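Have a look at the structure below before the remarks.
Along the sequence shown, residues carry numbers from 1. Small disclaimer: the values here were computed from a predicted structure and weren't measured.
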Amino acid sequence: MEKQNKTSENVVKGIFWSSMASTLWGISGVIMQFVAQNEAVPTTWFISVRTLFAGILLLIIGASFVGKHIFDVFKSKESIIRLFIYAIFGLAVNMSTFYVSIQEGNASTATILQYLAPVFIVLYGLIFLHKKPLKADIISFLFALVGVFMIITKGSFSELSVPVIAVVFGLFSAVSAAIYYSVPKPLTQNNSPFVVLGWGTLIAGIGFNIYHPFWTDAPKITTGIVFGIGGVILIGTIFAFSSVLYSLKFAPSEVSSIVDAVEPVVTIILSIIVFKQIPSFFEALGAVIIIVSIYFLQRSHQKRAKKAPDIR
């Protein structure tokens, strides 16, 4: 009985810290909208600053845990290639496309569109790995499309609620998020997740700074920009990622999928409060449909994974 209560208590703690991470990411999205629209910070400069300094901070944290082993990720050619794919096509593309989607549209729509990442993971498996989709995959995909249609059209064929470019970049952010979630998994088996994320972010940051050094063509530095970028780095990267890792001490990873929906919900609520962006009935309904669809998609795959034999 005592063991059962302890397990239940750990699950509650896991849900709490997973919810905290999703909440922090939701807050970070709203901060990004403030920086992108109210402060009009250019995409390349913002990403250059965010990735470079976040990467350095993450590696410092990683080094405090593993010391000189932060360089172990470079020991094999395969891991180096995987790390660069993760850094460029996952992190760099995701951060830039998500920011543009917010800049051209709003944080709520960008977050909901990025939430479609699991759909693209399934599509990748179908097209390139020839994995037969589950019935739940097809149903979730179709419902997710309906949800996206409702969000971007408000239920009307005659107009879009957000610019096309915001939708396009939002979908690109979902594709890159699928890479972001999938590619680094083998790396985290033998390396600290802080180290993997840190090197990936730093590599992306070096690339962005080669293209646009943060010390050139910088916008006028205001208090809003300093707090905005600091908030995104600390709240949306350091604190959120730490919360995710801490949650895994108390509950298995599948618990986090239950509360993944907290992020878009928090973003929508904060957008209403901060930017007075009240969604229409169809936009709200579309968001609910997408959140529920992705939840059932994730749950169906977790159940299949549990049933599958361990062949490692």
Side-chain angles (χ1 to χ4, degrees), residues 13-14 16-29 31-32 46-96 98-99 114 117 176-210 213-214 228-253 255-256 260 263:
K13 287 182 179 179
F16 171 79
W17 286 106
S18 292
S19 299
M20 178 63 71
S22 293
T23 300
L24 293 171
W25 276 316
I27 294 171
S28 176
I31 294 174
M32 270 196 273
F46 173 82
I47 301 298
S48 292
V49 173
R50 179 191 178 185
T51 51
L52 184 65
F53 289 99
I56 292 171
L57 283 174
L58 285 165
L59 285 176
I60 291 173
I61 294 172
S64 70
F65 288 110
V66 300
K68 63 182 181 180
H69 291 292
I70 61 170
F71 298 103
D72 286 358
V73 72
F74 296 102
K75 283 188 173 180
S76 74
K77 182 179 179 181
E78 180 185 348
S79 63
I80 292 172
I81 293 173
R82 186 173 288 273
L83 180 62
F84 272 83
I85 292 173
Y86 168 59
I88 297 168
F89 298 104
L91 286 168
V93 174
N94 179 258
M95 288 183 182
S96 54
F98 186 65
Y99 185 78
Q114 183 174 254
S176 59
I179 297 172
Y180 172 95
Y181 294 141
S182 304
V183 170
K185 282 185 178 180
L187 297 176
T188 57
Q189 291 176 357
N190 300 311
N191 299 277
S192 163
F194 273 113
V195 171
V196 174
L197 180 62
W199 280 119
T201 307
L202 183 61
I203 290 168
I206 292 171
F208 276 115
N209 276 277
I210 290 173
F214 73 87
I229 294 177
V232 170
I233 291 174
L234 294 176
I235 295 174
T237 305
I238 308 298
F239 296 158
F241 192 66
S242 298
S243 296
V244 169
L245 293 181
Y246 194 61
S247 73
L248 297 178
K249 289 185 176 182
F250 301 106
S253 58
V255 169
S256 64
D260 273 350
E263 181 185 351

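For the pair T51/M95, a side-chain contact is recorded, criterion being any heavy-atom separation below 4.5 Å from C-beta on. Within the 4.5 Å cutoff, side-chain heavy atoms of F46 are placed close to those of M32. Contact check for F208 versus P213: no side-chain heavy atoms found under the 4.5 Å cut-off. Using a 4.5 Å cut-off on side-chain heavy atoms (C-beta onward), V195 and T188 make no contact.
Although no hydrogens or angles enter the test, the distance criterion places no donor-acceptor pair under 3.5 Å between the side chain of W17 and the main chain of S243. Remark: the backbone N or O of G90 is not paired with any side-chain donor or acceptor of N94 at under 3.5 angstrom. A side-chain donor-acceptor contact under 3.5 Å links S64 to the backbone of I61. Between the side chain of R82 and the main chain of V183, a donor-acceptor pair closer than 3.5 Å is present. Distance alone, capped at 3.5 Å, places no donor-acceptor pair between the D72 side chain and the N190 backbone. The main-chain N or O of V196 is never found under 3.5 Å from a side-chain atom of N191 such that the two would form a donor-acceptor pair.
With values rounded to the nearest 0.5 angstrom, I70 atom CD1 is found 5.5 Å from W199 atom CH2. Residue T237 holds its OG1 atom at 10.5 Å from CG of L24, rounded to the nearest 0.5 Å. From S76, atom OG reaches atom CG of L83 across 10.0 Å, with rounding to the nearest 0.5 Å. Interatomic distance, CZ of F98 versus CD of Q114, reported as 5.0 Å (0.5 Å rounding). Distance check: S28 OG to I235 CD1 gives 7.5 Å after rounding to the nearest 0.5 Å. Atom CG of L58 sits about 5.5 Å away from atom OG1 of T201, to the nearest 0.5 Å.
For S22 and S19, the side-chain atoms include no donor-acceptor pair closer than 3.5 Å.
Minimum interatomic distance between S48 and N209 (heavy atoms only, all atoms of both residues): O-ND2, 3.1 Å. The two atoms that bring S96 and A92 nearest to each other are OG-O, 2.8 Å, heavy atoms only. Between G200 and A87, the shortest heavy-atom contact is O-CB, 3.3 Å. In terms of heavy atoms, W25 sits closest to G236 at NE1-O, 2.8 Å.
Ring geometry, Y180 versus Y86: the interplanar angle falls from 30° to 60°, so the pair is classed tilted.
Looking at residues two or more places apart in sequence or on another chain, you find no salt bridge (Lys or Arg N to Asp or Glu O under 4.0 Å) involving K185. Applying the side-chain contact (heavy atoms from CB on, under 4.5 Å) test to I80 and every residue at least two apart in sequence or in another chain returns F74, F84. Every residue meeting the side-chain contact (heavy atoms from CB on, under 4.5 Å) condition with V93, not counting sequence neighbours, appears here in chain and number order: T97, S176.
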